[in-house]
K.L.:
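Input: one structure, supplied below.
Every chain is numbered from 1 and lettered A, B, ... according to where its sequence line falls, protein lines coming before strand lines.
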Protein chains: 2
Amino acid sequence: MANLTPRQTEILQFIEQRLRQEGYPPSQRDIAEHFGFAQNAARDHLQALARKGEIEISPNDARGIRLLREQTPPGLPLLGRIAAGAPVTAPSNAEHWLEIDPGLFQPRADFLHRVDGDSMIDAGILPGDLVGIHAQSGAENGQIIAACLYEPRGGFERITLKRYRRKGSVVTLHAENPRYEPIVIDLSQPAEDQEAAPFRIAGIMGGLLRTGAPR
Amino acid sequence: MANLTPRQTEILQFIEQRLRQEGYPPSQRDIAEHFGFAQNAARDHLQALARKGEIEISPNDARGIRLLREQTPPGLPLLGRIAAGAPVTAPSNAEHWLEIDPGLFQPRADFLHRVDGDSMIDAGILPGDLVGIHAQSGAENGQIIAACLYEPRGGFERITLKRYRRKGSVVTLHAENPRYEPIVIDLSQPAEDQEAAPFRIAGIMGGLLRTGAPR
DNA sequence: AGGACTACTGTTCGTTTGAACAGTACTTGT
DNA sequence: ACAAGTACTGTTCAAACGAACAGTAGTCCT
């Protein structure tokens, strides 16, 4: 589908450029004149682009070119529970889709996670906050990670924020609240539960969005 | 400039709608057909809109309508220090302009403020956080406000976050950190400093953006 | 070796479209 | 009272434009 020839890509980019610059698409003769060929060559290219699903042509309409494959407005999915084994970033899990620039977070966020407890309150992370998570499978000591913990009853995974620390083969997941006990996992001893790993790293925290004032 | 008649507004909105729906502007006859009048009426309206600076017409081009007054990509100014007396939302004060949907915050944010101390740490607001502020001159008890405090040396105003409480004519601005003393202002006694009010409310907090993980 | 696809030229045809000219009725500002 | 602007109708015209038909040369696949 997305197998455009170099020439077709040029023509598509020209259409996009004219749309940005002028606010309306070029006519077939505009395209022909710009590239220095005849009108019918432009028409052929447009029909090829339409065949490949890049554009749509309204018959008999002057400049009747509509871009499909629109530039997706930059946004992030808000993920809740995650089906076990499913890739974290699968948008099918998304509760909502928020229009935020992923690049606002550092490192750049791949999805958002809604905090639902007060376990990270001493790190300034309150219940209800949306945390921007950069999806990656490893982490460095001291980083706050989105840990995927398997829920034996239910068959889904649950994302929890924890501060990550590893010493040798022992990983400790700390809460930032003295009322919560850290979770200790010894990687050298295989989990008693062989169906799923006891935890995995979904990503690291890249920032936070609070959509309202705290009470 | 922006004095459009109801009819002209209708026509402008129709053009915007068609641009979104079809990807290209309507022809004069499209407009005429939609509103049920002759092509020349459409032309008159377009020329009126062009005269008022709403659109630009490319002569002899089919559908040669370009929208000026583009939909501003939704974003928020990041305000630092504010010149005394200047309206808070004056974008000239903006350090940066971040592309965030103001509606993500509740109430909707008008600008962002970068927190530069740990005075609100117990409310989950850390130094470096960007707080979304809804500009308004009043506040209710218990709300977190962006207070504009006049700096005698320097001649500028400084925005500080405080929790607002008022009892009769006495306003107390609390920090959310026991190491900071609350600021008490008695509104019944005029300020010794007659040049500027000792404080004013720039707005109330509508949310928070943290562009990075806490250390 | 042949079919499909790309990348064009050249010409003709008919519709779409913007432009221009002339005119009407109503409202608003000075 | 008059000019300017709004909100239209109606007609004509030429340029802009998409569509169709016919044809060429090259590449790529099987």
Side-chain angles (χ1 to χ4, degrees), chain A residues 1-70, chain B residues 1-70:
Chain A
M1 279 214 192
N3 257 358
L4 295 187
T5 66
R7 198 58 161 163
Q8 288 167 356
T9 310
E10 273 188 87
I11 281 146
L12 189 63
Q13 283 172 349
F14 174 68
I15 297 169
E16 286 168 355
Q17 182 211 317
R18 287 291 278 262
L19 252 169
R20 273 197 306 276
Q21 273 183 17
E22 311 292 335
Y24 52 89
S27 66
Q28 292 177 4
R29 282 180 175 86
D30 284 346
I31 298 170
E33 195 185 343
H34 178 262
F35 288 97
F37 47 60
Q39 176 232 331
N40 273 335
R43 189 177 163 74
D44 281 358
H45 280 121
L46 289 180
Q47 284 174 338
L49 287 170
R51 222 180 312 121
K52 294 184 176 180
E54 293 292 333
I55 62 171
E56 206 174 271
I57 300 174
S58 299
N60 296 315
D61 263 15
R63 302 165 198 273
I65 302 170
R66 169 204 267 140
L67 292 179
L68 309 173
R69 312 238 191 293
E70 301 274 347
Chain B
M1 280 225 192
N3 256 1
L4 295 186
T5 66
R7 198 59 161 163
Q8 288 167 357
T9 309
E10 271 187 88
I11 282 146
L12 190 62
Q13 283 172 348
F14 174 69
I15 296 169
E16 286 168 355
Q17 182 211 318
R18 287 290 280 262
L19 252 170
R20 273 196 307 275
Q21 273 183 16
E22 310 291 336
Y24 51 90
S27 66
Q28 293 177 4
R29 281 179 176 87
D30 282 347
I31 298 170
E33 195 185 343
H34 178 261
F35 288 97
F37 47 59
Q39 175 232 330
N40 275 334
R43 188 176 165 73
D44 281 358
H45 280 122
L46 289 180
Q47 285 175 337
L49 286 170
R51 222 180 312 121
K52 293 182 175 181
E54 293 292 331
I55 63 171
E56 205 174 271
I57 300 174
S58 298
N60 298 314
D61 263 14
R63 303 165 197 271
I65 302 170
R66 170 203 267 139
L67 291 179
L68 308 174
R69 314 240 190 290
E70 299 277 344

K.L.:
What is the nucleic acid contact for B:Arg29, judged by heavy atoms within less than 4.0 Å: base, sugar-phosphate only, or nothing?
P.N.:
base
K.L.:
Please state whether the rings of A:Phe14 and A:His34 are parallel, tilted or perpendicular, taking 30° and 60° as the class boundaries.
P.N.:
parallel
K.L.:
Can you tell me the distance, in whole Å, between the CD1 atom of A:Ile31 and the C1' atom of C:dC8?
P.N.:
15 Å
K.L.:
Strictly below 4.0 Å: does B:Gln28 bring a side-chain N or O up to OP1 or OP2 of C:dA19?
P.N.:
yes
K.L.:
Going 5' to 3' on DNA chain D, which nucleotide is the first and which the last to come under 4.0 Å of a heavy atom in chain A?
P.N.:
D:dC17 to D:dC21
K.L.:
By the 4.0 Å heavy-atom rule, please label B:Gln8 as base, sugar-phosphate, or nothing.
P.N.:
sugar-phosphate
K.L.:
Specify the separation, in whole Å, of atom CG of B:Leu49 and atom P of C:dG18.
P.N.:
15 Å
K.L.:
If I take atom CG in residue B:Asp30 and atom C1' in nucleotide C:dG18, what distance separates them, rounded to the nearest angstrom?
P.N.:
13 Å
K.L.:
Does B:Ser27 have a side-chain nitrogen or oxygen under 4.0 Å from the phosphate oxygens OP1 or OP2 of C:dT16?
P.N.:
no
K.L.:
By nearest nucleotide on DNA chain D, pick out whichever of B:His45 and A:Ala62 is the more 5' one.
P.N.:
B:His45
K.L.:
Taking only N and O in the side chain of A:Arg51, is any of them less than 4.0 Å away from OP1 or OP2 of C:dC5?
P.N.:
no
K.L.:
Just call it for A:Asp44: base, sugar-phosphate, or nothing, with non-hydrogen atoms closer than 4.0 Å on any strand.
P.N.:
base
K.L.:
Distance check: side-chain N/O of B:Gln47 vs OP1/OP2 of C:dG18, anything under 4.0 Å?
P.N.:
no
K.L.:
Check the phosphate of C:dC5 against A:Lys52, side-chain N and O only, distance under 4.0 Å to OP1 or OP2. Yes or no?
P.N.:
no
K.L.:
Please classify the nucleic acid contact of B:Ala41 as base, sugar-phosphate, or nothing, using heavy-atom distances under 4.0 Å.
P.N.:
base
